[in-house]
Every structure is written in C-alpha cells, then in structure tokens.
Amino acid sequence: VQLQASGGGLVQAGGSLRLSCAASGGTFSNYAMSWFRQAPGKEREFVARITWSSGITYYADSVKGRFTISRDNAKSTVYLQMNSLKPEDTAIYYCAVYRGGSVLSPGAYGSWGQGTLVTVSS
C-alpha cells in the first residue's frame, strides 16, 4: 500500500486548503484512514479519521468545526478540507492506514505517506 499526500502550501490565517491522499496497491474497503500532523519540534498528533465503508468520521478537538475529512472510494482518495486556518495549524500533514489499536496513536497506523507541508501565516 502506497499513500501520496498533496495539496499543502502557504496560506494566510483564515484561509482554506484541501489536502488529498491517494492510495494505491491495495483494497481499502475494510480500512479506516486518518490524517496526522507534526509541527516542528512537536510530536505527531491525530487530526481526523474516516472509515472507508461507512464514512464515520472523528476529529481532534483542535480542528473540530473547521476541518472536514471525506473520501472517494472510487478514486481511493481521502481528503481533508481545512477552513479557518490558524498559524498553529502549521505542520507537515500525513495520511495513514489504520491497522489496529488506539485510533489517536501513530503506532496504530501503517503505510504512511510522505507528508505535505501546510504553512499558515499570521
């Protein structure tokens, strides 16, 4: 399974970006996917999760109401729509496949994409 994240960039505070995570090399109907992020000098943290089959979503409190995770099963792609961006959202954003365990822990995930950088200026 390979994941390719894209869509990052530089945006002013209050702006929006949409990240994409394209998956290939596997069957995803039984897997949940998540976005994580890692700011400089900080640990990787959970952002949002979605199941492939039922589309159930879950968000970190810090992004709830501003970010929306969605998926297109036909394209094997997961999206993260980010609105009302804040400087503290600046980080490298990663997508990953859930393997088992705590959904908030990076250790529960595999097949990490290479990440895409989001920079929010004040």
Side-chain angles (χ1 to χ4, degrees):
V1 175
Q2 291 84 41
L3 301 178
Q4 180 74 35
S6 62
L10 174 63
V11 64
Q12 289 187 333
S16 299
L17 282 174
R18 189 177 81 154
L19 306 183
S20 299
C21 175
S24 61
T27 302
F28 308 99
S29 59
N30 295 325
Y31 291 105
M33 298 282 291
S34 288
W35 286 96
F36 280 75
R37 66 187 181 185
Q38 188 165 17
K42 295 188 177 181
E43 294 185 351
R44 194 167 296 189
E45 66 172 357
F46 172 84
V47 175
R49 179 178 186 265
I50 188 167
T51 58
W52 275 108
S53 56
S54 58
I56 295 173
T57 59
Y58 180 69
Y59 298 92
D61 288 344
S62 59
V63 306
K64 199 173 296 182
R66 300 187 298 122
F67 291 10
T68 301
I69 189 171
S70 62
R71 87 276 191 244
D72 184 331
N73 290 346
K75 296 182 178 180
S76 295
T77 300
V78 175
Y79 303 98
L80 185 68
Q81 177 67 43
M82 306 186 296
N83 298 329
S84 302
L85 283 162
K86 305 175 181 180
E88 51 263 43
D89 294 318
T90 295
I92 299 175
Y93 284 71
Y94 300 89
C95 54
V97 176
Y98 178 69
R99 299 299 189 191
S102 171
V103 300
L104 301 182
S105 171
Y109 294 81
S111 303
W112 292 89
Q114 86 288 358
T116 185
L117 176 62
V118 172
T119 304
V120 184
S121 63
S122 58

Okay, side chain of [X], backbone of [Y]: is any donor-acceptor separation there less than 3.5 Å?
{"X": "Arg44", "Y": "Gln38", "result": "no"}
{"X": "Thr51", "Y": "Ile56", "result": "yes"}
{"X": "Thr90", "Y": "Pro87", "result": "yes"}
{"X": "Thr77", "Y": "Lys75", "result": "yes"}
{"X": "Gln4", "Y": "Ala23", "result": "no"}

State, with a plain yes or no, whether a side-chain heavy atom of [X] is found less than 4.5 Å away from one of [Y].
{"X": "Lys42", "Y": "Arg37", "result": "no"}
{"X": "Ile92", "Y": "Thr116", "result": "no"}
{"X": "Trp112", "Y": "Cys95", "result": "no"}

Salt-bridge criterion met for Lys64 and Asp61 (N-O under 4.0 Å): yes
In one Ile/Leu/Val/Met/Phe/Trp/Tyr side-chain cluster, 4.5 Å: Tyr98, Leu3: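 Per the 4.5 Å side-chain linkage, Tyr98 and Leu3 are not co-clustered.
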Show the atom names and distances, to 0.1 Å, of all donor-acceptor pairs under 3.5 Å that link a side chain in residues 7-20 to residues at least two apart or in another chain.
unit_1	atom_1	unit_2	atom_2	d
Ser16	OG	Asn83	OD1	2.9

Side-chain donor-acceptor contact under 3.5 Å, Arg99 with Ser111: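 The criterion, which ignores hydrogens and geometry beyond distance, is satisfied for Ser111 and Arg99.
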Side chain to side chain donor-acceptor pair (under 3.5 Å), paired with Ser34, selected from Tyr94, Tyr109, Tyr58: Tyr109
Between Phe67 and Trp35, ring centroids under 6.0 Å: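 Ring-ring flag for Phe67/Trp35: false, centres at least 6.0 Å apart.
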